[in-house]
Each structure stands twice: as structure tokens, then as C-alpha cells.
Student: 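Mind looking over this structure? Questions follow.
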Protein chains: 2
Amino acid sequence: MAPSDTRAKIIEAAMELFWLKGYGSTSIADILSRTQLNSGSLYHFFPGKQDVLVAVLEAYRDGIGPMLLEPAWGGEPDPVERVFKLLALYRGLILQTECSYGCPIGSLALELHEADPAVRERLAQNFQAWVAAVRACFEAASDRFPPDTDFQALAEFVLTVMEGGVMQARTHRDVGYFDRNVAQLRAHIDLLTGARVPAAA
Amino acid sequence: MAPSDTRAKIIEAAMELFWLKGYGSTSIADILSRTQLNSGSLYHFFPGKQDVLVAVLEAYRDGIGPMLLEPAWGGEPDPVERVFKLLALYRGLILQTECSYGCPIGSLALELHEADPAVRERLAQNFQAWVAAVRACFEAASDRFPPDTDFQALAEFVLTVMEGGVMQARTHRDVGYFDRNVAQLRAHIDLLTGARVPAAA
DNA sequence: TTGACACTTGATTGACCGTTCAACTAAGCT
DNA sequence: AGCTTAGTTGAACGGTCAATCAAGTGTCAA
């Protein structure tokens, strides 16, 4: 094994466990048994459990582009449609998990009530990176929107719709809640753009 | 002390502690020290910790009307403005807590990933009651909306905006995130109603 | 060959967890 | 008075937790 795959293995395992069970309910022993490591190895690379969380949040942040946006967008050329392709990806995750999907960042953001500044900062960075990508989509289609449109606020709104839709779909175990939220967002954006056809007059 | 204030005291204390620290991070010992009770008393009324949670969720559900909606609405007569009065109430809570407010139901919904059916059912009931109240507001002003409006979906969308706005405001420690989300919702509803004046032509 | 260093081993620690239970108190009934 | 029962007491239990650390192993460069 290459030197210090260990660190990467820990992060990978912790990423999945934090997503599945949350931070508080994931024990160090859980991470160790999944990685086949001993506690000493983990504590050689991380001062404590919270530092594993910080590393996981940094991995999510750095993976937003290659792991989330590119698979979501595929070949979609239209920037506004890319936003809905991204939401469609989340819909797929909801279906794959039989409506128990929870956004890893959103779940951690709500779980960590009195979060350490280092943790909260990384959570905010994740949201910021996601919102920035969506905002860039809208700005690439800025000619379709009213001239005074606040694209930052609109992108934050998309994040809200995703998080709220995911939360309700899981609580009710029904993807329809997600779909109706996305439909409302679609209606809102159609009203804003006057449903101008993407590449036509 | 009246007979079995005890039960109510436990629920009251657990309500606040679950909100402040979450369910998993609140220990039975926390509840006992706050109520000045001994463990035997708690276990006389509740089979276990989860049953305290169920009772708390039922208390929230039954308190939505008198504890949340009535204070929020005050004398506001216009049904659509009542929805925004409700959102304004949440804004006040965010400010009171220095942007660390989290919706108790939303937080529990995200924390309890693999929740017992009894718990998930109560969480869903809370969302349903909240959404039903908002839907009733919109339906009371149905003449302002397009005839094919899906008021249930619109009310679910309001819940999404609240939860998403609260989540982002807390993560960034900035109420502006909540405000911008509400502003987007306001714009959406204005577009739907054509901004028809409430009690005029 | 030697020594330095990176990494691993895994038993152990002490704190805290939810829960149990036998003993006790107090009030109401007959 | 005696009996019943709701409610309380608080020590104790077995389990799990994050974290520790002294003793190792393997791998380099000098």
C-alpha cells in the first residue's frame, strides 16, 4: 500500500458513515472497523474525531465540481437547465435510497448545533461553493432575466429548494414533496424569464 | 405539587433541551438535572428516552396553533400577509438567538436518519399541521391566485423556504440569508397574484 | 550496521450513556 | 387499623464512547 493511503481511507470511510448515520452517531470504532485499522493509526493522522470531520468537509468541498456538478450536467449546454439537471441528480439519490436520502452537508449543518468555528466555517464553504456554481449558471443566462435580478439570492434560493425538498421527501418518505418544490421553483424562474426560449428570440 | 406535574415538567425540559442540543446529545441526566428529578420518576412515566421524544413531538404538534400561529398572526387580517407574519416570527427567533436558531422539527427530522416509525410519523404530523395552516391562508385568498393554483404545493414551498432560510442563516451566522429567501418567496407570490391588492380591485 | 523516523498495534482508561430495581413515602380506601 | 397503589429515591449495572500510550514494525539514509 502506498504511504498514507491510510489518511485517505479514513476520510473516505468517515464520509460515508457521517452521511449514513450522522456525526454524533458514528463512533471511531465504526470508522476503524470499516477501514480495518487500529485506533492508533487514526490518531496518528488526526488529533481527534472532530478533525476527521473537518477533513471530510474539505473533501466534500473539493469534490463538488468533479463529483457532483460534472456528473449532473453531463452534456447539458443550457445554463438554466443545468440547474435543474443538478436538482434531478438529487432526485435520483432520493429514489436510490428509497426516500431516506439526506444531503450530507445539510444534515451536518443541522446536527452540529454548537459547532466549533472550524467546523461551521467548512460547512459554510460547502454551501458557498454550491451556491457559486448555481449562480454562475444563472449569470451565464443573465440576458433572460430582468436586469435588476439578484443572482446570488436566486442561487441561495435554489439551495433552499433542494434542502427543503430533500428534508420533506425524507420525512414523508415520498419523492413527490421534492418534485412539487422543484416544480414551484421552475414556475418561479419561468415567471422571471418570461419563459424566454433559451437559444431563440 | 399537583399530581403528575412531573410528566409535564419532563416534556417541557426535554422540549428545550432537544431544541438546544438535539436528541442524541441530550442525556437523560440532562433532563433529570434540569427538572430536579430522579431517574426512577422519569422511567415511571416513560418506558424510555424515545418515548420522551414522542411526547415532545406531540406537544409541538398540539402547540402549533396556540403557541406559534396565534402569536405570529396577532391581529393581521389578510391571509397572505399572515404567511409572511409567520415567517417574520421565525426571523425574530433567529435574531434572538444570534443566528443560531434551528427549527426544532427540522433539526430533529434531519438528525433522526433511521427513525423509528413512531418518531417519523410525529415529525410528519408536525410538518403537515404547519403546511395545512399555511395552505388555509392561501385558500382564503384563492381569488387572488390563478384558478389552477396548487395550494398544497405552495404551502409546502413556504415550509421549504422557512427551513432552508433558517438553515443557511445559522450556518453563515447571518440573517440576510433568511431575508433573501423570504424576499424570493415574496417575489414569487407577487408574480402569481399579479400583485392584486388584497381588499381592492 | 546503525540510528532516526514514520507508522502501526491493541489493550487500557475514565467518563458517560440509557436503563433497572429494590426499597421507600404518602395518600386514599375499607 | 390494614391494604393498595401511585409516585419517588438513588445506587448500581453493563455497555459504549473518544482518546491514550508504551511497545512494536518497517523503511529509509548515513
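So you know, we letter chains A, B, ... as the sequences are listed, proteins then strands, and number each from 1.
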Student: Rounded to the nearest Å, what distance is computed from the CZ atom of residue A/F46 to the C1' atom of nucleotide C/dT8?
Tutor: 15 Å

Student: NA contact type, A/T26, heavy-atom cut-off 4.0 Å: base, sugar-phosphate, or nothing?
Tutor: sugar-phosphate

Student: Working note: A/F46 + A/R7, criterion side-chain contact (heavy atoms from CB on, under 4.5 Å); need CA distance, chi angles, decisive distance, verdict.
Tutor: CA-CA 9 Å; A/F46 300 95; A/R7 207 188 130 91; 3.7 Å; yes

Student: Which listed nucleotide (C/dC17, C/dT19, C/dA11) is nearest to the side chain of B/I28?
Tutor: C/dT19

Student: For the pair made of OH in A/Y23 and C1' in D/dC17, what is the distance, rounded to whole Å?
Tutor: 12 Å

Student: Check the distance between D/dT8's P and B/Q36's CD and give it to me in whole angstrom.
Tutor: 14 Å

Student: Could you state the CG-P distance from B/L53 to C/dT19, rounded to the nearest angstrom?
Tutor: 12 Å

Student: What is the distance, to the nearest angstrom, from the CG atom on B/L42 to the C1' atom on C/dT20?
Tutor: 13 Å

Student: Has B/Y43 got a side-chain N or O lying under 4.0 Å from the OP1 or OP2 atom of C/dT20?
Tutor: no

Student: Can you tell me how far P of C/dT8 sits from CZ of A/R7, to the nearest Å?
Tutor: 13 Å

Student: Classify the side chain of B/S41 versus the base of D/dA6 as yes if they form a donor-acceptor pair under 3.5 Å and no if they do not.
Tutor: no

Student: Does NZ or CZ of A/R186 lie under 6.0 Å from the centre of the six-membered ring of A/F84, at an angle within 45° of the ring axis?
Tutor: yes

Student: What are the two closest non-hydrogen atoms of A/C99 and A/V175, and how far apart are they?
Tutor: SG-N, 3.6 Å

Student: Quick one: is C/dC17 close enough that its OP1 or OP2 comes under 4.0 Å of any side-chain N or O from B/S27?
Tutor: yes

Student: Take the angle between the ring planes of A/H188 and A/F157 and call it parallel below 30°, perpendicular above 60°, tilted in between.
Tutor: perpendicular

Student: Of the non-hydrogen atoms in B/D30 and B/S33, which two are nearest, and what is the gap between them?
Tutor: O-OG, 3.2 Å

Student: Side-chain donor or acceptor of B/T6 under 3.5 Å from a matching atom on the base of D/dA6?
Tutor: no

Student: Is the distance from OP1 or OP2 of C/dG10 to the nearest side-chain N or O of A/N38 less than 4.0 Å?
Tutor: yes

Student: Using whole Å, report how far CG of A/L32 lies from C1' of D/dC17.
Tutor: 12 Å

Student: Choose from C/dT19, D/dA19, C/dT8 the nucleotide whose nearest atom is closest to any side-chain atom of A/S39.
Tutor: D/dA19

Student: Atom CG of B/D51 and atom C1' of C/dT19: how far apart are they, to the nearest Å?
Tutor: 12 Å

Student: Does A/H44 make a side-chain N or O approach to OP1 or OP2 of C/dT8 shorter than 4.0 Å?
Tutor: no

